[in-house]
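Lettering follows sequence order; numbering is per chain, from 1.
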Number of protein chains: 2
Amino acid sequence: MKVTIYDVAKEANVSIATVSKVINNTGRIGEKTKRKVLEVMKQLDYQPNMMASALMGKQTKTIGLLIPDLANPFFSELARSIEDRAHEFGYNLVICSTDYQTEKENKYLALLKRKSVDGFILASGFEDLNKVEELVKEDVPVAIVARDLPMFSINTVALDDFMGGYLAASHLIELGHQNIGVIARDVWSNRERLRGFKQALEESNLEFTREFEYINGISHVEPGKFMTAKYLKGKNPPTAIFACNDLLAIGAIQAVKEQGMRVPDDISVVGFDNTLIATIVEPPLTTVAQPIQHMGREVLDLIISMIKGEKKEKMRLTLLPSLVTRNSTAKNRNKDLKEKLENL
Amino acid sequence: MKVTIYDVAKEANVSIATVSKVINNTGRIGEKTKRKVLEVMKQLDYQPNMMASALMGKQTKTIGLLIPDLANPFFSELARSIEDRAHEFGYNLVICSTDYQTEKENKYLALLKRKSVDGFILASGFEDLNKVEELVKEDVPVAIVARDLPMFSINTVALDDFMGGYLAASHLIELGHQNIGVIARDVWSNRERLRGFKQALEESNLEFTREFEYINGISHVEPGKFMTAKYLKGKNPPTAIFACNDLLAIGAIQAVKEQGMRVPDDISVVGFDNTLIATIVEPPLTTVAQPIQHMGREVLDLIISMIKGEKKEKMRLTLLPSLVTRNSTAKNRNKDLKEKLENL
DNA sequence: TTGAAAGCGGTACCAC
DNA sequence: GTGGTACCGCTTTCAA
């Protein structure tokens, strides 16, 4: 049978109260008794049961992490960075993939609450914030990561998506692209990226007049491929593509190739996230890098400080993206543009 | 404050024992009382505290999953498939990345034990099995996945690695390759793959006489690149590379390109795992596919049945790999071979 | 059919 | 300093 605090107490000829004190290093205990108890604990290989102490109001040292999809490189990298930091503090992560389904989000939220997790980190869609608001009201520590919720008072570590879009567009404009196709799923952060994107165009006295529609479905390779093919086959095909995540960008590259064109010679492609796969595609992807490690570390620190009860005021930490230039972008050599320039 | 079983009992004018019975659907309760209690539970939005019931010996409905690295596509895909199946049964996963460090493995094992997880799924290195053996002795449900431990009596869901290596070699041999470089980390499963690989050579009256050494470090892009470059620059360069995971294969492809050669025209490359990235590289990777979804599902089912106390006898389930042919492999056009053939 | 009460393994307050 | 003990929230006999 498992060894309990009673076994230790009996073996050390003290009360369980005393043992508890040496475990938690609280109250005052004599040096000798302390040593004695410690010794017995080691000898019996005693492992305090966390369920029991959790019941008495102490923490469970576990944090719930809700993400859309663990198999998506961006989220698995993010989860890993959060996990590492969590372990540094002796915390574990319960990870749940929600597939962007509100139903699952709510289900996992409720389930993990029953398991008395100390707090939640949300990287998921959460278009429906009712349950999240409830948690906040009940004083359950909740922090958001990689997902800006501007009109909601909650601790957040996010990326400056506006700047991300701006960066992507600026880079492309500098390379002489004026007709740029955008591929994105309709979520808040992408709307921001699009705003930043347009802002950059505007500053160059360019206008975003292209046909545009959000993809439906998730941000994966296929939709990126599909949408790019559509743009390329449509009238007024773009000379560059800005995809709002690396997976979509991969799809874009594949579509370009299938049309018998080349990246970046004929079409430039910019991605977003800078995950492992950006370095793996051919050509290597120019992409807007999210500081994934940094984000993971920051939310974890944030949630920990909330759990500890420090920092009662809400805050939003915005990290800045940076452009990583690889080989999927190049000067625009498109004839139309050349002609236009020559006609000036 | 949180609503407890007492609140429900009071509100429904019954004892907590009765409430407990309706929650768990045990014992015999009158229809009316049952309905009444159910109603009150709903009304108060009562959520039973799992810590408390876990303390009483019931399950925590959480499973510990130890993997080497959550950011590695193979493991994140595996984790995802296990997670999905777990959720079907109402279980959660606590995921820990061990980085192949025995130290971390043992640390997480102990930590999760204190948290009373119902069982462990191990996909990690575990060269040191002492702690695992202890768990088994203590009757803690433990299952191994994606990692064969042949001389150890423990429930396992694994791949037929021997066959995987055999498949890869056969494919390459069929394409006319005789001088094949192998890249692998020195772990059990790779030793098996190598065995299968050699077996196929042998059956074709070929011999594996190449210089060979296991990589040191982890199975990631860099070592694959490094080792391939080494082979290519060495004497008697191979016409094909068999890399024991997709990441290594990516590295191989990159190295080939850097040497100014082409895949598959000059060098063929076969990977292992068939993760997302195999479809993303250029050229798309021919690779030995592991049935990741299937494996995840099977271990989960296995551990559940262990938790439930069914199936006391140990078993090893071996899943079969299959070769997915894409464009990183082609007929050997190497001069040497041609000459050889002509000299016949 | 229902309920009183004894735990499960700890924590923490309060005497001694 | 150390120990007695009342919980924490729920499960489970065992009576009633």
Side-chain angles (χ1 to χ4, degrees), chain A residues 1-41 44-62 110-118 138, chain B residues 1-41 44-62 110-118 138:
Chain A
M1 202 41 215
K2 267 166 70 175
V3 24
T4 74
I5 197 172
Y6 290 93
D7 301 320
V8 177
K10 192 178 299 172
E11 188 68 21
N13 290 313
V14 294
S15 72
I16 60 166
T18 303
V19 177
S20 179
K21 276 167 197 151
V22 355
I23 293 172
N24 300 291
N25 219 347
T26 55
R28 33 186 97 275
I29 342 100
E31 259 313 308
K32 314 159 197 175
T33 17
K34 183 170 182 175
R35 256 203 306 280
K36 173 67 178 171
V37 170
L38 249 16
E39 189 186 317
V40 173
M41 278 172 49
L44 266 46
D45 190 30
Y46 166 64
Q47 305 282 24
N49 180 328
M50 299 193 77
M51 301 291 102
S53 44
L55 239 199
M56 281 301 293
K58 288 193 88 176
Q59 291 154 20
T60 54
K61 290 281 189 175
T62 76
L111 185 55
L112 296 187
K113 223 175 97 187
R114 291 183 45 192
K115 293 195 178 175
S116 312
V117 297
D118 296 332
E138 294 169 38
Chain B
M1 203 38 215
K2 268 166 68 174
V3 23
T4 73
I5 198 172
Y6 289 94
D7 302 320
V8 178
K10 192 178 300 173
E11 189 69 21
N13 290 314
V14 294
S15 73
I16 60 167
T18 303
V19 177
S20 177
K21 277 166 196 151
V22 354
I23 294 172
N24 301 293
N25 218 349
T26 56
R28 30 188 97 272
I29 342 102
E31 259 311 310
K32 316 161 198 175
T33 15
K34 183 170 181 176
R35 256 203 306 282
K36 173 69 179 170
V37 170
L38 249 15
E39 189 186 317
V40 172
M41 277 171 51
L44 265 46
D45 190 32
Y46 167 65
Q47 305 283 23
N49 180 329
M50 300 192 75
M51 299 293 101
S53 44
L55 237 201
M56 280 303 293
K58 289 193 88 178
Q59 291 155 18
T60 54
K61 290 281 189 175
T62 75
L111 185 55
L112 295 186
K113 223 175 95 185
R114 291 184 45 192
K115 293 195 178 175
S116 312
V117 297
D118 297 332
E138 294 170 37

Checklist line | Side-chain donor/acceptor of B:Thr60 to backbone N/O of B:Ala54, under 3.5 Å | finding: no
Check: Got a sec, which pairs hit salt bridge (charged side-chain N to carboxylate O under 4.0 Å, His left out) with one end in residues 8-30 of chain B, sequence neighbours left out?
Finding: none
Next item on the list: Take A:Leu111 and B:Lys61 through the test side chain to side chain contact (heavy atoms under 4.5 Å, CB included) and record every step on the way to the result.
Entry: CA-CA 10 Å; A:Leu111 185 55; B:Lys61 290 281 189 175; over 6 Å; no
Next item on the list: Identify, with sequence neighbours excluded, every residue that meets side chain to side chain donor-acceptor pair (under 3.5 Å) alongside B:Lys113.
Entry: B:Glu138
Notebook entry, point to check: Rounded to whole angstrom units, what separation is found between the CG atom of A:Asn25 and the P atom of C:dA12?
Noted result: 13 Å
Item checked: All side chain to side chain donor-acceptor pair (under 3.5 Å) counterparts of A:Gln59, not counting sequence neighbours -> A:Tyr91
Next item on the list: Round to the nearest Å and state the distance from B:Asn24 atom CG to D:dC10 atom C1'.
Entry: 9 Å
Checklist line | Nearest-angstrom distance from the residue atom NZ of A:Lys113 to C1' of D:dG9 | finding: 16 Å
What's touching nucleotides 1-5 of chain D from the protein side, N or O pairs under 3.5 Å?
{"from": "D:dG1", "atom 1": "O3'", "to": "A:Gly30", "atom 2": "N", "distance (Å)": "3.3"}
{"from": "D:dT2", "atom 1": "OP1", "to": "A:Thr33", "atom 2": "OG1", "distance (Å)": "2.8"}
{"from": "D:dT2", "atom 1": "OP2", "to": "A:Gly30", "atom 2": "N", "distance (Å)": "2.5"}
{"from": "D:dT2", "atom 1": "OP2", "to": "A:Thr33", "atom 2": "OG1", "distance (Å)": "2.7"}
{"from": "D:dG3", "atom 1": "OP2", "to": "A:Ser15", "atom 2": "N", "distance (Å)": "3.2"}
{"from": "D:dG3", "atom 1": "OP2", "to": "A:Thr18", "atom 2": "OG1", "distance (Å)": "2.7"}
{"from": "D:dG3", "atom 1": "N7", "to": "A:Lys21", "atom 2": "NZ", "distance (Å)": "3.4"}
{"from": "D:dG3", "atom 1": "O6", "to": "A:Lys21", "atom 2": "NZ", "distance (Å)": "2.7"}

Margin query: Just the rounded figure in Å: distance from C1' of D:dG9 to NZ of A:Lys115.
Written below: 17 Å
Next item on the list: Kindly write out the residues that satisfy side chain to side chain contact (heavy atoms under 4.5 Å, CB included) with A:Val19, not counting sequence neighbours, or none if the list is empty.
Entry: A:Ile5, A:Val8, A:Ala9, A:Val14, A:Ile23, A:Val37
Checklist line | Considering all heavy atoms, the nearest B:Lys2-B:Asp7 contact | finding: O-OD2, 3.8 Å
Checklist line | hbond_proxy B:Tyr6 side chain to D:dC8 base (donor-acceptor, 3.5 Å cutoff) | finding: no
Item checked: Residue list, side chain to side chain donor-acceptor pair (under 3.5 Å) with B:Asn49, at least two apart or on another chain -> none
Check: Which residues satisfy the side chain to side chain donor-acceptor pair (under 3.5 Å) test with B:Lys58, sequence neighbours excluded?
Finding: B:Asn24
Item checked: Which residues share a side chain to side chain contact (heavy atoms under 4.5 Å, CB included) with A:Gln47, sequence neighbours left out -> A:Asp45, B:Ala110, B:Arg114
Margin query: Taking side chain to side chain contact (heavy atoms under 4.5 Å, CB included) as the definition, give me every residue that meets it alongside A:Arg35, ordered by chain and number, with sequence neighbours left out.
Written below: A:Glu31
Check: How many Å lie between CG on A:Asp7 and P on C:dC8, as a whole number?
Finding: 11 Å
Checklist line | Nucleic acid contacts of residues 44-59 of chain B, taken as heavy-atom distances under 4.0 Å to DNA chain C | finding: B:Leu55, B:Met56
Notebook entry, point to check: How sharply is the helix from C:dT1-D:dA16 to C:dC16-D:dG1 bent, taking the axes over five pairs at either end and rounding to 10 degrees?
Noted result: 40°
